There are 2 protein chains.
Amino acid sequence: MTVMVDIVEVSPRDGLQNEATLLTTADKVELIERAVRAGARRVEVSSFVNPSRVPQMADADELMAALPRHDGVRYAGLVMNRRGLDRALTAGVDEINVVVVATDTFCGRNQGMTTAQACDTAAVLVQAAREAGVFTTVTVGASFGCPFEGEVPPNRLREVLTRVRDAGPDELALADTIGVAVPSDVTERLTLAREITQSRTPLRLHLHDTRHTGVANAVAAVQAGVTTLDASIGGTGGCPFAPAATGNVATEDLVYLFDRMGLPTGLDLEELTSTVSWLERRLGKQLPGALLRAGGFPA
Amino acid sequence: MTVMVDIVEVSPRDGLQNEATLLTTADKVELIERAVRAGARRVEVSSFVNPSRVPQMADADELMAALPRHDGVRYAGLVMNRRGLDRALTAGVDEINVVVVATDTFCGRNQGMTTAQACDTAAVLVQAAREAGVFTTVTVGASFGCPFEGEVPPNRLREVLTRVRDAGPDELALADTIGVAVPSDVTERLTLAREITQSRTPLRLHLHDTRHTGVANAVAAVQAGVTTLDASIGGTGGCPFAPAATGNVATEDLVYLFDRMGLPTGLDLEELTSTVSWLERRLGKQLPGALLRAGGFPA
């Protein structure tokens, strides 16, 4: 049986939110159009959050208005509160992604509330979005470790995942926000999540390659049957509210990996690396993804 | 059962041979002393090859003479012919590593002979080294792909591994010289090697992180029962005779990985990252390993 790996392109959101250089709305449209041309079918296009906190995402509404629509392509917006949800729904997103951080310290810094409060908020947002006919994801940030509290014990994650499950999202994502996970953690925590959801809620994994374990963790996820993975063109990204949080796992690195493993992603490596090259010029810096410089398998 | 992962430190050899900056012999001694202080027990210290071809390794004999000896620490030298072996034995290495490249094109560029000729040479060198009481490894370069010929079919690798097995080394290494392997390749080809050696010859894997699959491949190797892995402090390295061959998988990246997976390596992450910092100053460049900048798991 051939497994299909579904990569959710998060470069316009998690990728750009940590960059010093702000892209114009037109450049963001171009990035997203290029991602779609490369085969992306789900794109997290922006965050509907306070622009004074994340200025890189201030144009979320204009961006959605400017984006061409394509059959079979879904645009998602990250939201953290009712105001963000209302903006996202008005802007016409196909999906919302609600964040809950697994530790109180980090949740406080990220969104000004405790984890329990964030879970309650998520429940309200999920229900409101569902009534509006929008697909809902809840992402549990720092599922594998916290920059402030260190270890996130499995029992703590169990509690948070249980509350998140009870919020009733269409999809539940675990995020390794600071890139500390190793494959055995991925196996353990995805198994825990599956146990809690009793396999009724599809799972998704959000990885960072901060400690070069991102690709290995993606393999562990697929081996554990979780085939929806976030990634970012060029490996851009990071979290503005977590120290030393560097890039997401690079989309093109995962595409090389899964192509060679015989697992289709529907994404085109050459389109992706040409987009990395374009994005490096726009951001004025080299991005961490390997494939632009390494090239694919030698012909 | 806790598996121990044995990392062979190859930075002084494979690491430095592709660097534009030549380290002094004293600096190489310091690098090796630092590796040993970090816990390395096997160090590939140099290549006994033609200095006009690899000037970075021209001081192999002086380096061996200058190196302090430590109980339980073995120094290896790479050799490709009788002249190199004689130099290595005179210099007092504990191990030799003989290279055979799996494709004729690359083998010709690397060492001026066909793969078959390199296998014959390896057999002679292994026997002579054994008579001198020296541990022998044969490394099959380009076991996962060739920069010139592309795919290396399993049947080709089977032929080469069979000839190498017949040469009778104490250890057989597969090298992903240009960093193209993915975990499924590692599983497949280590299984093939084990079948050919009938588990009588210990296996070892040499990885490059050119396409960010190095850490994932290390995990696949350990899952397949191969726990002797080459790595290079800082992720230095590459092959002077292969285009776009970049660094070895970084020792410190593997140590973070295996520490967090509960698999002891006997290596100390802080000693390693302080060595990466020192080596970056010596080479005047940033090295690709992640852990120096990312830091370990947050306390």
Side-chain angles (χ1 to χ4, degrees), chain A residues 106 142 144-152 178-188 208-220 222-223 235 242-247 249-250 252-263 269 288-291 293-299, chain B residues 106 142 144-152 178-188 208-220 222-223 235 242-247 249-250 252-263 269 288-291 293-299:
Chain A
F106 191 3
F144 298 88
C146 170
F148 309 108
E149 298 188 19
E151 299 287 354
V152 175
I178 57 167
V180 288
V182 297
S184 51
D185 296 327
V186 170
T187 308
E188 174 197 71
H208 285 252
D209 199 30
T210 314
R211 289 166 184 82
H212 284 172
T213 58
V215 170
N217 291 339
V219 173
V222 170
Q223 283 171 345
T246 57
V249 67
E252 66 274 20
D253 293 357
L254 291 190
V255 169
Y256 175 82
L257 169 83
F258 290 123
D259 278 356
R260 292 289 301 171
M261 291 182 79
L263 303 176
L269 188 55
L291 268 289
R293 269 160 286 275
F297 194 91
Chain B
F106 191 4
F144 298 87
C146 170
F148 309 108
E149 299 187 18
E151 299 286 355
V152 175
I178 57 167
V180 289
V182 296
S184 51
D185 297 328
V186 169
T187 308
E188 174 197 69
H208 285 253
D209 198 29
T210 314
R211 289 167 185 81
H212 284 172
T213 58
V215 170
N217 291 338
V219 173
V222 170
Q223 283 170 345
T246 58
V249 66
E252 66 274 18
D253 293 357
L254 291 190
V255 169
Y256 175 81
L257 169 83
F258 289 123
D259 278 356
R260 292 289 302 172
M261 292 182 78
L263 303 175
L269 187 55
L291 268 290
R293 269 160 284 276
F297 194 91

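Every chain is numbered from 1, with letters handed out A, B, ... down the list of sequences. Bear in mind that the values here come from a model prediction, so they are computed numbers and not experimental data.
Using a distance-only test at 3.5 Å, with no hydrogens or angles considered, a donor-acceptor pair links the side chain of A:Asp253 to the main chain of A:Ala290.
Applying the salt bridge (charged side-chain N to carboxylate O under 4.0 Å, His left out) criterion to B:Glu151, with sequence neighbours excluded, gives A:Arg260. Contacts of A:Gln223 classified as side chain to side chain donor-acceptor pair (under 3.5 Å), with partners at least two apart in sequence or in another chain: none.
Looking at A:Val219, the atoms closer than 4.5 Å to chain B (heavy atoms on both sides) all sit in the side chain, from C-beta outward. The parts of A:Leu257 that come within reach of chain B are both its backbone and its side chain, each placing non-hydrogen atoms under 4.5 angstrom from that chain.
Between chain A and the residues B:Pro183, B:Ala181, B:Gly145, the largest count of heavy-atom pairs under 4.5 Å involves B:Pro183.
Here A:Leu254 contributes atom CG and A:Met261 contributes atom CE; the two are 11.0 Å apart, rounded to the nearest 0.5 Å.
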